[in-house]
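Every chain is numbered from 1, with letters handed out A, B, ... down the list of sequences.
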Number of protein chains: 2
Amino acid sequence: MTKELLLAAMAPHVLANGLATASLRPLAKAAGTSDRMLIYHFGSKEELVAALLDYLAQGFSDGLDASRPTEPARSRAECLAQIVPLIRRPELAGHLRIWFEAVSHAKAGEPNYAKAVHEIQGYFLNWVRLRLPVDDPDPEAATALILTILDGIEMLDATGHSATADQAVALFAQISDGSSGSIS
Amino acid sequence: MTKELLLAAMAPHVLANGLATASLRPLAKAAGTSDRMLIYHFGSKEELVAALLDYLAQGFSDGLDASRPTEPARSRAECLAQIVPLIRRPELAGHLRIWFEAVSHAKAGEPNYAKAVHEIQGYFLNWVRLRLPVDDPDPEAATALILTILDGIEMLDATGHSATADQAVALFAQISDGSSGSIS
DNA sequence: ACCTTCTTGTAGCGACTGCTACAATCGGGG
DNA sequence: CCCCGATTGTAGCAGTCGCTACAAGAAGGT
């Protein structure tokens with residue numbers, strides 16, 4: 001499909017400049033065509049954006065999978081500590097920017113975005129579960145807590161409070177390791 | 001200052017319709033004046049938005065303070081469990097929507113928004129600390145972890161994964177309570 | 001009364017938005 | 001060969017955007 005080629009050509013532009021300022025003519029220029037053609041192929045800007053979201057989500061999950069799981073973590077804390085640097089890699093910054101834009105639109109009630117972010121979050125949830133220790137007594141809840149902390153870290157990073165996020169990771173390690181005397 | 005009155009008149013419109021679609025003419029209509037006057041008073045739309053962010057942040061923190069701390073929590077888990085329903089109150093939905101919009105702009109590199117969300121997050125951090133148990137052995141780290149989880153819950157709620165957020169809260173209660181035998 | 005300064009209304013500019021009408025081009029099947 | 005559908009270029013429409021030029025009140029000190 002020609003659509004795929006167009007999406008691949010537009011994706012870098014969107015990752016660099018965001019969705020908010022992405023209007024048809026600049027997008028077309030980035031893809032080497034005209035706004036006329038984008039409408040012709042995608043029908044409307046709304047469907048274009050939906051296709052872009054799909055495409056970028058695919059790229060994001062590929063980027064995650066590219067960080068090979070090596071082997072599952074040995075504890076919940078180790079699981080979290082391994083993932084944090086992954087989501088902080090600079091090459092994912094563009095994707096995270098789009099992520100926040102999409103979440104913002106979802107919170108504003110736009111169904112396309114709500115569906116997209118719901119799916120991506122669900123995918124990420126599964127991805128985290130695969131990195132849990134295999135012998136975790138409650139994998140579902142552990143995944144939920146780790147994902148929650150990861151999302152919180154993204155928010156703190158976005159607001160310039162990365163140091164606070166680091167403190168949280170450190171304390172979680174202290175608390176959740178049932179190995180040594182972590183009783184208060 | 002007349003500015004205050006204008007901001008107060010525009011705030012409900014922004015909370016209901018978001019910042020993204022807030023252009024001068026609708027804002028002016030909501031405030032009972034003309035776009036001409038908004039520019040006259042605020043100089044430019046950029047300064048208008050900055051003033052609105054300040055004003056809304058004030059309203060948000062007032063909304064938080066209005067949920068009286070009753071008394072500090074008796075454990076970290078109780079602290080978290082008390083705050084979660086507060087940030088989920090429907091009357092804060094508009095503020096949360098603006099919050100995500102602002103974070104998205106901050107992530108996109110706009111300095112006004114970056115400064116605003118950094119300050120609000122810092123304010124929220126302090127607010128959480130005041131609700132911690134007074135005898136917490138490491139208040140700073142505990143606040144960091146609880147704030148991280150709270151931010152993660154907001155993200156999960158925004159993406160339609162509130163149930164996952166609830167699981168995280170439940171597991172945190174189980175893990176962090178150093179009272180009974182929580183050793184794995 | 002007069003002049004200055006603050007405030008406000010009317011009208012509009014130039015740039016941009018998503019999208020479309022119209023027509024030219026092209027490739028492949030009859 | 002010729003026609004027909006798919007693809008593309010040119011030009012432009014109607015609307016919105018932030019912002020401004022111009023001028024008319026309004027208020028108040030001298």
Side-chain angles (χ1 to χ4, degrees), chain A residues 1-11 13-56 97-98 101-102 104-106 108-113 116, chain B residues 1-56 97-98 101-102 104-106 108-113 115-116:
Chain A
M1 230 33 176
T2 319
K3 283 194 190 181
E4 287 294 321
L5 297 175
L6 288 174
L7 290 172
M10 288 183 290
H13 179 264
V14 172
L15 286 176
N17 300 96
L19 269 174
T21 66
S23 43
L24 286 181
R25 276 169 257 254
L27 281 177
K29 197 158 102 179
T33 45
S34 64
D35 55 337
R36 171 70 183 74
M37 279 301 97
L38 292 184
I39 296 291
Y40 174 75
H41 282 296
F42 294 93
S44 71
K45 192 197 177 181
E46 197 180 347
E47 298 174 69
L48 207 212
V49 171
L52 270 171
L53 280 181
D54 266 17
Y55 186 87
L56 292 172
R97 174 183 177 174
I98 308 297
E101 286 196 24
S104 150
H105 282 108
E110 302 179 41
N112 285 347
Y113 287 92
Chain B
M1 227 35 175
T2 319
K3 282 195 193 184
E4 287 294 321
L5 296 176
L6 289 175
L7 290 173
M10 288 183 289
H13 179 265
V14 172
L15 287 176
N17 301 94
L19 268 175
T21 65
S23 43
L24 287 181
R25 277 170 257 253
L27 281 177
K29 198 158 101 180
T33 46
S34 64
D35 55 337
R36 171 72 182 72
M37 279 300 97
L38 292 184
I39 296 293
Y40 175 75
H41 282 295
F42 294 93
S44 71
K45 192 197 177 181
E46 197 180 345
E47 298 174 71
L48 206 212
V49 171
L52 270 172
L53 279 181
D54 265 17
Y55 186 86
L56 292 172
R97 174 182 177 174
I98 308 297
E101 285 196 24
S104 150
H105 283 106
E110 302 179 41
N112 284 347
Y113 287 91
K115 181 168 161 287

Open item on the list: Can you confirm whether A:Leu6 sits close enough to A:Leu48 that some side-chain heavy atom of one is under 4.5 Å from a side-chain heavy atom of the other?
Closed with: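 No, every pair of side-chain atoms sits at 4.5 Å or beyond.
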Open item on the list: Could you tell me if the side chain of B:Leu7 sits less than 4.5 Å from the side chain of B:Asp54, heavy atoms only?
Closed with: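 With C-beta onward as the side chain, the pair stays apart.
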Open item on the list: Can you measure A:Asp35 atom CG to D:dG9 atom P for me and round it to whole angstrom units?
Closed with: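 Spelled out: CG on A:Asp35 to P on D:dG9 is 11 Å.
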Task: Within residues 38-51 of chain B, residues whose heavy atoms come under 4.0 Å of DNA chain C - done: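 Here the set is B:Tyr40, B:His41.
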Considering non-hydrogen atoms only, spot the tightest contact between [X] and [Y] and give its length.
| X | Y | value |
| --- | --- | --- |
| A:Lys3 | A:Phe42 | CD-CE2, 3.8 Å |
| B:Glu101 | A:Ser104 | CG-OG, 3.4 Å |
| A:Ala11 | A:Leu56 | CB-CD2, 3.9 Å |

TODO: Walk along DNA chain C from 5' to 3' and tell me the first and last nucleotide with an atom closer than 4.0 Å to a non-hydrogen atom of chain B.
DONE: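 Listing 5' to 3', DNA chain C meets chain B from C:dC6 to C:dG12.
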TODO: Just jot down the ring-ring contact (aromatic ring centres under 6.0 Å, His included) partners of B:Tyr113, sequence neighbours excluded, or say none.
DONE: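 Only B:His105 meet the ring-ring contact (aromatic ring centres under 6.0 Å, His included) criterion with B:Tyr113.
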- [ ] Using the test side-chain hydrogen bond (donor to acceptor under 3.5 Å, both in side chains), find all partners of A:Asn112 that sit at least two apart in sequence or belong to another chain.
- [x]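 Applying side-chain hydrogen bond (donor to acceptor under 3.5 Å, both in side chains) to A:Asn112 gives A:Glu46.
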Open item on the list: For the CG atom of A:Leu52 and the CG atom of A:Leu19, what is their distance to the nearest 0.5 Å?
Closed with: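 Interatomic distance, A:Leu52 CG to A:Leu19 CG, rounded to 0.5 Å: 7.0 Å.
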Could you run down the sub-3.5 Å N/O contacts of the protein with nucleotides 25-28 of chain D?
none

For a quick test of your reading: what N or O donor-acceptor pairs under 3.5 Å do the side chains of residues 21-37 of chain A make, sequence neighbours left out?
from: A:Thr21; atom 1: OG1; to: A:Asn17; atom 2: O; distance (Å): 3.1
from: A:Arg25; atom 1: NH1; to: A:Asp35; atom 2: OD2; distance (Å): 3.3
from: A:Ser34; atom 1: OG; to: A:Met37; atom 2: N; distance (Å): 3.4

